[in-house]
Amino acid sequence: MKTNTLSVNRILNPTGWLLLILLTLILSTLSFVSLDKNQTLPLWIATLISGILGYIVVPILQKIKASQIIQEDGPQSHLKKAGTPTMGGIFFIPTGLIIALIMANFSPNVIALVLLTFAYSFIGWVDDWQILRKKTNLGLTPKQKLILQVGFAIIFCVWMFFTQPASITNVTLPFNIILPLSFLFWFVAVFVMVAESNATNLTDGVDGLAGGTGAISFLGLGILIANSHPDLLIFCLAISGSCLGFVLHNRNKASVFMGDTGSLALGAGLAGVGILSENLWALFIISLLFFIESLSVIAQVTYYKATKDSEGKGKRLFKMAPIHHHLELSGWSETQIVGIFYIINTILVLMVVSISN
């Protein structure tokens with residue numbers, strides 16, 4: 001009886017190791033069912049190298065005291081994470097990008113995606129470094145970050161304008177409905193890149209959450225475009241694998257956080273693939289969890305401002321935003337949140353892939 005109770009508790013409140021195994025099984029099953037064995041090589045090579053690099057880089061980050069500044073107004077359970085190093089993106093993002101370049105034989109599209117992803121990673125690194133240097137939770141100002149994000153997105157759009165077919169400005173909706181956006185497409189593309197990068201950034205608030213959902217999302221998008229864009233598939237698999245290798249070190253209890261160096265890059269890379277492969281609708285569904293995280297923050301701020309009283313105090317729609325913090329404050333454990341998000345993200349991927357087939 002006790003054994004059964006322990007088994008149930010482990011399922012309902014899994015450990016970080018169990019979630020890592022779950023994530024590995026999800027990625028393994030999705031890749032082996034949907035892809036040829038040779039196609040999956042970038043995924044596993046990136047996983048191995050990213051995982052090994054973590055054992056080298058994390059102690060260095062600890063040694064130079066690159067510690068995460070924990071918000072005092074956040075969940076109290078997070079205060080014990082003080083001292084955990086951040087900027088983990090410096091080892092797993094380059095791993096995925098380099099492997100993608102090499103294994104895609106320096107395809108022009110992959111080169112462009114690598115540059116876009118690296119550019120957003122650089123924005124994140126500057127933000128993380130400013131936070132560490134100032135010893136506060138304030139890095140780049142929102143305006144500075146937004147200007148850089150929009151600027152790099154515009155550069156990517158200019159490159160697409162001169163190199164991609166005219167059909168790229170058409171958005172394919174469900175039931176093969178084609179929405180010709182023409183010049184409006186470029187505004188949408190810039191918005192998607194900025195919004196997706198900020199959404200993944202907001203999702204990075206619980207151990208293993210952004211890394212794991214990022215790995216599932218990249219693999220799902222890669223499977224969807226495997227036949228039409230084999231070079232972009234390699235990029236997706238390499239980033240997915242590097243995320244999995246990172247989660248080895250970021251699983252609960254995390255020994256390192258990815259920081260903006262990693263989270264901004266993941267969103268930009270995911271958006272870039274969705275735009276280049278002409279799969280904006282599929283991108284939206286696959287990254288729906290990121291969208292919900294962003295929406296919860298927007299709703300929280302809007303509701304607070306709308307309900308301000310004479311003393312300038314408003315009401316909160318959620319206990320805390322993004323929504324994963326609301327769930328924490330509602331009694332969910334970090335690992336429960338991560339496990340549910342992994343499963344939901346996998347279901348979203350399966351929905352998109354099954355509909356496309």
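Just so you know, residue 1 is the first one in the sequence shown, and it goes up from there. The shown structure was predicted, so the numbers you read here are calculated from the model rather than taken from an experiment.
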Quick one: does S34's side chain have a donor or acceptor within less than 3.5 Å of a partner on S31's backbone? no
So, H324 side chain and I337 main chain: donor-acceptor pair closer than 3.5 Å or not? no
Mark yes or no for whether S107, through its side chain, and A104, through its backbone, hold a donor-acceptor pair below 3.5 Å. no
Looking at S217 and T213, would you say the former's side chain and the latter's main chain have a donor-acceptor pair under 3.5 Å? yes
Taking atom types as modelled, find out whether N279 and T172 have a side-chain donor-acceptor pair closer than 3.5 angstrom. no
Is any side-chain N of the basic residue among R251 and D207 closer than 4.0 Å to the acidic one's carboxylate O? no
Taking C-beta and beyond as the side chain, do S50 and L53 meet within less than 4.5 Å on heavy atoms? no
Give a yes-or-no answer on whether the side chains of N201 and D260 include a donor-acceptor pair shorter than 3.5 Å. yes
Would you say F191 has more than 12 foreign heavy atoms packed within less than 6.0 Å of its CZ? no
Assess whether side-chain contact (heavy atoms from CB on, under 4.5 Å) is satisfied between N198 and L264, documenting all intermediate values. CA-CA 6 Å; N198 286 320; L264 291 180; 4.1 Å; yes
Scan side-chain atoms only and decide if T335 and N252 contain a donor-acceptor pair under the 3.5 Å cut-off. no
Taking C-beta and beyond as the side chain, do L20 and L244 meet within less than 4.5 Å on heavy atoms? yes
Just checking, any donor-acceptor pair under 3.5 angstrom between side chains of Q164 and N109? yes
Tell me, with the steps shown, if L266 and C243 meet side-chain contact (heavy atoms from CB on, under 4.5 Å). CA-CA 9 Å; L266 291 180; C243 284; 3.6 Å; yes
Can you tell me how far the CD1 atom of I154 sits from the CE atom of M193, to the nearest 0.5 Å? 9.0 Å
Heavy atoms, side chains only, cut-off 4.5 Å: are L181 and N170 in contact? no
Judged by atom type as modelled, is there a donor-acceptor pair below 3.5 Å linking the side chain of Q130 to the main-chain atoms of D127? no
Residues, nucleotides or ligands: over 12 heavy atoms within 6.0 Å of Y304 OH: yes
So with a 6.0 Å cut-off around CG of N227, is the heavy-atom count from everything else above 12? no
Reported CG-to-CH2 distance for the pair L22 and W17, which is rounded to 0.5 angstrom: 14.5 Å
Nearest-0.5 Å distance that lies between atom CD1 in I45 and atom OG in S242: 12.5 Å
Heavy-atom count around F187 CZ within 6.0 Å, excluding the residue itself: above 12? no
Would you say F318 has more than 12 foreign heavy atoms packed within less than 6.0 Å of its CZ? yes
Taking S121 for the side chain and T261 for the main chain, is one N or O donor matched with an acceptor at less than 3.5 Å? yes
Taking all heavy atoms of G54 and all of P59, pick out the closest pair and write down the distance. O-CD, 3.8 Å
Within a strict 4.5 Å, meaning less than it, do heavy atoms of the L288 and F291 side chains meet? yes
Does Y55 form a side-chain contact (heavy atoms from CB on, under 4.5 Å) with L248? I'd like the steps, not just the answer. CA-CA 10 Å; Y55 288 110; L248 172 64; 3.7 Å; yes
Looking only at side-chain N and O atoms, does T86 offer a donor or acceptor that is under 3.5 Å from a partner on D128? no
Give the minimum heavy-atom separation between G89 and P94, together with the two atoms involved. O-CD, 3.3 Å
Answer whether the closest heavy-atom distance between the side chains of C157 and V190 falls below 4.5 Å. yes
Any sub-3.5 Å donor-acceptor pair from T40's side-chain atoms to K37's backbone N or O? yes
When rounded to the nearest 0.5 angstrom, what is the spacing between CE in M351 and OG1 in T346? 12.5 Å
Take a 6.0 Å sphere around CH2 of W159 and say whether it holds more than 12 heavy atoms from other residues, nucleotides or ligands. yes
Any side-chain donor-acceptor pair under 3.5 Å between E196 and S287? yes
Does the Q149 side chain pair with the main chain of Y120, one donor and one acceptor, at a distance under 3.5 Å? no
On a heavy-atom basis, the closest approach of L43 and T47 is O-OG1, 2.7 Å
All heavy atoms of F341 vs all of I323, minimum pair found to be CZ-CG2, 4.5 Å
Trace of the side-chain contact (heavy atoms from CB on, under 4.5 Å) decision for V352 with L348: CA-CA 6 Å; V352 170; L348 292 172; 5.8 Å; no
Please report the shortest heavy-atom distance between W281 and P174, naming the atom on each side. NE1-CG, 3.0 Å
Does T84 reach the main-chain N or O of S255 with its side chain, forming a donor-acceptor pair under 3.5 Å? no
Please answer whether the main-chain N or O of L202 pairs with a side-chain N or O of E293 as donor and acceptor at a distance below 3.5 Å. no
Heavy atoms, side chains only, cut-off 4.5 Å: are H325 and K319 in contact? no
I want to check something: taking the side chain as every heavy atom from C-beta on, are M160 and L276 in contact at a cut-off of under 4.5 Å? yes
Can you name the nearest heavy-atom pair linking V256 to N250, along with the distance? O-ND2, 2.8 Å
